[in-house]
Amino acid sequence: MKVILLRFGELFLKGANRKLFERTLIRNIKDRLKPLSYSFEDTYGRYVISKFNEEELPEFIDRLTAVFGLHSLSVAEELEATPEAIREHVSKIDIGKKTYKVSVKRADSISQSLLWSLPKI
């Protein structure tokens, strides 16, 4: 399932007013995405938009890039957090002669062993 990861800019500089700025940013994001259907989650200093119609992805990107305060967005695939699921997904990607990188920001031991066991395509 595709998800959109949203990263916000310099809210960490705002100190005690951080929550106010975050609430305002979330309200602006949700206002901008009306009347599209989606699920919104605030997690680990990022926002995640999921459960949307993937045919509307260009519309989501157009609307989100106009939200003041968002630093960047990335379209990603949400997978089960197992080496097998990740290997299976990577093996389906046709990258041609291009190179790719797998970057893991997880503290579990599965993640580090995964980096060394992915097939070379």
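Computed over heavy atoms, backbone and side chain alike; hydrogens, waters and symmetry mates excluded. Residue numbers run from 1 in the order of the sequence given.
One hydrophobic cluster, built from ILVMFWY side chains closer than 4.5 Å, holds both Phe40 and Leu33. Tracing side-chain contacts under 4.5 Å through hydrophobic residues (I, L, V, M, F, W, Y), one reaches Val67 starting from Phe8; they form part of the same cluster.
One finds the CD atom of Glu56 at 5.0 Å from the CG atom of Leu36 (value rounded to the nearest 0.5 Å). With rounding to the nearest 0.5 angstrom, the CD atom of Glu41 is 11.5 Å from the CG atom of Leu6. Rounding to the nearest 0.5 Å gives a distance of 10.5 Å between NZ of Lys51 and OG of Ser37. Between atom OG of residue Ser91 and atom CD1 of residue Ile86 there is a gap of 12.0 Å, rounded to the nearest 0.5 Å. The CD1 atom of Ile29 lies 12.0 Å from the CZ atom of Arg32; values are rounded to the nearest 0.5 Å. To the nearest 0.5 angstrom, Thr65 atom OG1 is 9.0 Å from Leu70 atom CG.
Taking the six-membered ring where the residue is Trp, Phe60 and Tyr38 present perpendicular rings, their angle passing 60° and hence far from 30°.
By the neighbour-count criterion of 12 heavy atoms within 6.0 Å, atom CD of Glu55 is sparsely surrounded, having that number or fewer from other residues, nucleotides or ligands.
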(Q) For a side chain to side chain contact (heavy atoms under 4.5 Å, CB included) check, start with the C-alpha distance between His89 and Glu77, then their side-chain angles and the critical distance, and finish with the verdict. (A) CA-CA 9 Å; His89 184 74; Glu77 289 284 339; 3.5 Å; yes
key: Stepwise side chain to side chain contact (heavy atoms under 4.5 Å, CB included) check, Lys19 with Arg23   = CA-CA 6 Å; Lys19 284 295 180 192; Arg23 282 193 301 270; 3.7 Å; yes
ask   = Going through the checks in order, is the side chain to side chain contact (heavy atoms under 4.5 Å, CB included) test met by Ile4 and Leu57?
value = CA-CA 9 Å; Ile4 303 171; Leu57 182 60; 3.8 Å; yes
- prompt: Step by step, would you call Tyr47 with Glu22 a side chain to side chain contact (heavy atoms under 4.5 Å, CB included)?
  reply: CA-CA 10 Å; Tyr47 305 134; Glu22 283 190 53; 3.7 Å; yes
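A salt bridge between Glu78 and Lys2 is absent, with no side-chain N of the basic residue lying under 4.0 Å from a carboxylate O of the acidic one.
Applying side chain to side chain contact (heavy atoms under 4.5 Å, CB included) to Ile49 and the options Leu73, Val3, Leu64 leaves one that passes, Leu64.
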